Structure formats: C-alpha cells, structure tokens
Amino acid sequence: SAPLCSLYGHALPQCYSGAVELPQTFLYLGVALGLGMLVGLQRERSASILAGFRTFPLITVLGTMASLASVAFGPWLVVAGLIALVGVVIVGDIAAMKQPDYDPGITTEAAILMMYCVGAYLPVGHIEVAITVGAGVAVLLHAKERLHGLASKLTDSDLRSIMQFVLLALVILPTLPNRAFDEYGVLNPHKIWLMVVLIVGISFGGYVAYKFFGGGAGTILGGVLGGLISSTATTVSYSRRAATTPAASGVAVIIITIASGMVFARLFVELAMTAPGSIAVTGPPMLIMLAAMAILSAIAWFVFRGPSDELPVGESPSELKSAIAFGLLYAVVLYAAAASKRHFGDSGLYAVAAISGLTDVDAITLSSAELVNLGTLDAGTG
C-alpha cells in the first residue's frame, strides 16, 4: 500500500492498517453494484445500444476492484483499467454504428467513464460523495426531456442573463481583494460584491421562475415572484396598470400587497445567510411583519380577487449596470452607517436607515448585518 498512500496521503483507511477490512470491501462493492444498476436501469429504459442494466454494474465494480487492487499493485492499475475501458467503448461504438437506429450522441459513453471513476473513487474517498455523484448521474440522464425542454424555453436574452450572473458570481467575485480599505473597516470589496451576488441571486431566481411560469403564474404566485424580483418595480407597474385600466385595480391591490410582504421574507433570508448568529434576535421582527402582510394579503384576496393578470417584468436583475449600481449603493450605505454609528450613536444610524430605506431596503439590511458581524453594532439595534 506504500505507493497508494504516498499518492493519497492519509485519506485511505489502508494507510493506517495496510489493508481494507473485509466488511468495508464488501460495502464498497455493494455500493458500486447498486449505483451501476441504477444508472444501467435508466440506460436500459432509454434503449441504449452500448451499455445497459448489466454493463453499468460491471463497469462500476471494475473501477472499485481496480482501486482496491491498486493497494498492492500501485495506482497505475486504475489508469490501466480506464484505458482498457476506453478501448472497449471504442469497439462497442464501432459495432453500434452498423445499427440502423444508431444514435451519434456520446451521453452513454460519458456516463460509462463517469461511473468507472465513481467506482474507483469509492475506496479512496468519501462514500457519501460517490453515492451522490452516482445518483446524480442517473437523475441527470433521466431528466433528458425536461432539460431539453428547459433549454428550448431559453431565449438569447435569458442566456445572456445567465452568463452575466456567472460573470458576477464566478469571475468578478473571486478576483476582488478580501480586506477593508477604510478607517471603519467596512469597505471590503470582496464582501461588498458578495452581497451584490446574494441580492442579484435572489432576484434572478424569481426572474427565472417568472420566465417559466409567465402569464400562467396566477395572482398569488405573481405577487410572490414580483416581490422576489423587485417589489418596487412590481408596485410601479401595477399602479400604472390600475390607473389606465380600473378593472385591474383589484388584482393590483392583491399583487402589490403580496409583493410587499415578500420583502420581509427576503430580509429574513438575507439575515440568516449574512448574520446567522443574530437571527434569533433579528429574525422574529421580520417574521411578525411577514405574518402581518400575509393577513393583509389574505384580506385583499377575498375582497378583490378576480381574473389573474400577467406579471410585468423589466430587465434581468443580473444586468451588470444594475449590479454595480446596487454595489455602490450598498457601499455608501455601509460606510454612512458605520460613520454615523461612530460619531452620532444609534440616532445617526436610525437616520441613515430611514433615508436609505426609501431607496433600497436590502442595502441597509445587509449593512446592519455586516456591522453586527463586525461587533460594532448589537443585534437588537440592528
């Protein structure tokens, strides 16, 4: 086991005892067999020519056996097994090409390689990870029709929105310095942009949900999605619609009330994610106000309910200019809150909260949570 232990360090149980215990070996083989059968069943139902219910268990168990045997023969055995498997797949593909219903896709081939790797990972990694990945492969293969339907619903604008969110979260965020640049220790570019990603992510989730529900969302779901995307934009849109179409006033009341209530649900989630240690203090007021808005929404529903109306939606929340604007607003509010707290105490902070709340309630919420995290503000005042 020396070569394997030198390669993987102390992650392997055999690096301590020199071998994998017999019950553990059968556990690995049993999990490999089960995962292989799960994926194989899905491929069998999909009428895959290359591999099915019997072949996938053999492939996954092969990976596990190669990994177990590499304790004695070295890690090259796993690589040799992978190369041999690739050769078998090539031979199978050549034979499959002669079939009249041959599918030129490589999904099954990719699944074969993945399940071999899952089997090889079992003895040397975390069994929970292997089970999650193996089951995830089966679910991904089974969701073919839904995923294709999902892709067909996306427009070029939607795809651009997704890529913009990827830019915000996975390209810009990791490159920003994670340290404060001001005398109050609050203007940290990485943390500021992380809050931008959080808010954009919540709004973008509502935007994506709206894209798939569209006009069929209904009044209640329309209000929920409107609150997630932007309660202010929803209020403005329905107010204008009610002014031009008085018959839509009842629906406008319901949707605006629900969207306004969703603000407190958003704030609760934001506080739970950014200041979890203070949620026992900061959370109950949000839930109380959410409950109050839920009661008002229920009253509005029974009084004004009528035919549902399509939710008007503006530009994607992941637009770069919108994200930068919120980031600047958040930084200004955060700095103003910290300065007011330092020089004027709680009264100064309340003034900042009142003013910034007229512009964007998320900014002052996240700013207060950050001050609570830094220890400069107690949770009750926050």
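Worth saying up front: this structure is predicted, and the values here are computed from it rather than measured. Worth knowing before you read on, the calculation uses all heavy atoms, side chains too, and leaves out hydrogens, waters and symmetry mates.
Remark: Met114 CE is loosely packed, at most 12 non-hydrogen atoms of other residues, nucleotides or ligands lying under 6.0 Å away. Counting non-hydrogen atoms of other residues, nucleotides and ligands closer than 6.0 Å to CE of Met65 gives a total of 12 or fewer. Environment of CZ in Phe181: crowded, with over 12 heavy atoms of neighbouring residues, nucleotides or ligands closer than 6.0 Å. More than 12 heavy atoms of other residues, nucleotides or ligands sit less than 6.0 Å from atom CE of Met289.
The shortest distance between side-chain heavy atoms of Thr60 and Leu33 does not fall below 4.5 Å. A heavy-atom distance below 4.5 Å is found between the side chains of Ile324 and Trp193. Side-chain contact between Phe268 and Ile279: present, with at least one pair of heavy atoms (C-beta onward) separated by less than 4.5 Å. Between Ile199 and Glu270 there is a side-chain heavy-atom pair separated by less than 4.5 Å. Side-chain contact check for Arg342 versus Tyr184: some heavy-atom pair is nearer than 4.5 Å. By the 4.5 Å heavy-atom criterion applied to side chains, Leu176 and Leu194 are not counted as neighbours. Residues Met262 and Ser231 form no side-chain contact, since every pair of their non-hydrogen atoms from C-beta on lies 4.5 Å or further apart.
Counting all heavy atoms, side chain and backbone alike, Thr64 lies closest to Gly119 at OG1-O, 2.8 Å. Of all the heavy atoms in Ala338 and Val186, the pair that sits closest is CB-CG1, 4.0 Å. The two residues Ala353 and Ser356 come nearest to each other via the heavy atoms O-OG, 3.4 Å. In terms of heavy atoms, Ser67 sits closest to Val124 at OG-CG1, 3.5 Å. The two residues Leu68 and Pro123 come nearest to each other via the heavy atoms CD2-CB, 3.7 Å. Here the shortest heavy-atom pairing between Gln42 and Ala138 reads CG-O, 4.0 Å.
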| task | Step by step, work out the side chain to side chain contact (heavy atoms under 4.5 Å, CB included) result for Ile256 and Ser239. | result | CA-CA 9 Å; Ile256 290 173; Ser239 296; 3.9 Å; yes
| message | Could you go through Leu113 and Leu82, starting from their C-alpha distance and side-chain angles, then the distance that decides it, and tell me whether this counts as side chain to side chain contact (heavy atoms under 4.5 Å, CB included)? | response | CA-CA 8 Å; Leu113 298 178; Leu82 181 60; 4.0 Å; yes
| task | Take Val118 and Val137, measure what side chain to side chain contact (heavy atoms under 4.5 Å, CB included) needs, and give me the verdict at the end. | result | CA-CA 10 Å; Val118 168; Val137 170; 5.5 Å; no
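A continuous path of hydrophobic side-chain contacts links Tyr116 to Tyr121 [ILVMFWY only; heavy atoms under 4.5 Å]. Put simply, Phe344 and Tyr335 are part of two different groups of oily side chains (I, L, V, M, F, W, Y) that touch within less than 4.5 Å, one to the next. The hydrophobic cluster containing Ile258 does not contain Phe264, counting ILVMFWY residues as joined when their side-chain heavy atoms lie under 4.5 angstrom apart, directly or transitively. In terms of hydrophobic clustering, with Ile, Leu, Val, Met, Phe, Trp and Tyr side chains grouped at heavy-atom distances under 4.5 Å, Val333 and Leu366 are assigned to different clusters. Cluster membership for Val263 and Val200, using ILVMFWY side-chain heavy atoms within less than 4.5 angstrom, is not shared.
Ile131 contributes atom CD1, which lies 7.5 Å from atom CG of Leu122 (distance to the nearest 0.5 angstrom). The distance from the CD atom of Gln164 to the CD1 atom of Ile162 is 10.5 Å, given to the nearest 0.5 Å. Here CZ of Phe326 is found 8.0 Å from CG of Leu198. Values are rounded to the nearest 0.5 Å. The distance from the CG atom of Leu41 to the CG atom of Leu141 is 11.5 Å, given to the nearest 0.5 Å. Taking CG of Leu267 as the reference point, atom OG1 of Thr282 lies at 10.0 Å (rounded to 0.5 Å). In this structure, the separation between CD1 on Ile112 and CG on Leu58 is 11.0 Å, given to the nearest 0.5 Å.
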When the side chains of residues 165-174 are checked against the rest of the protein, which donor-acceptor pairs come out under 3.5 Å, sequence neighbours left out?
none

Contacts table for residues 372-382: side-chain donor-acceptor under 3.5 angstrom, sequence neighbours left out:
residue	atom	partner	partner atom	Å
Asn373	ND2	Thr274	O	2.5
Asn373	ND2	Ala369	O	3.4
Thr376	OG1	Leu371	O	3.2
Asp378	OD1	Thr381	OG1	2.7
Asp378	OD2	Gly380	N	3.2
Asp378	OD2	Thr381	N	2.9
Asp378	OD2	Thr381	OG1	3.2

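By the 4.5 Å side-chain criterion applied to Ile, Leu, Val, Met, Phe, Trp and Tyr, Met163 is assigned to a cluster that also includes Leu159.
Listed for the Ser368 side chain is a donor-acceptor partner under 3.5 Å among the backbone atoms of Ile364. Asn178 places no side-chain N or O within donor-acceptor distance of the main-chain N or O of His190, the cut-off being under 3.5 Å. In terms of modelled atom types and a separation under 3.5 Å, the side chain of Ser340 and the main chain of Ala337 share no donor-acceptor contact. Of the possible polar contacts, none joining the Thr257 side chain to the Ser297 backbone as a donor-acceptor pair under 3.5 Å is found. Of the possible donor and acceptor atoms, none in the side chain of Ser70 sits under 3.5 Å from a partner among the backbone N and O of Pro75.
Between the side chains of Tyr330 and Glu370, not a single donor N or O lies within less than 3.5 Å of an accepting N or O.
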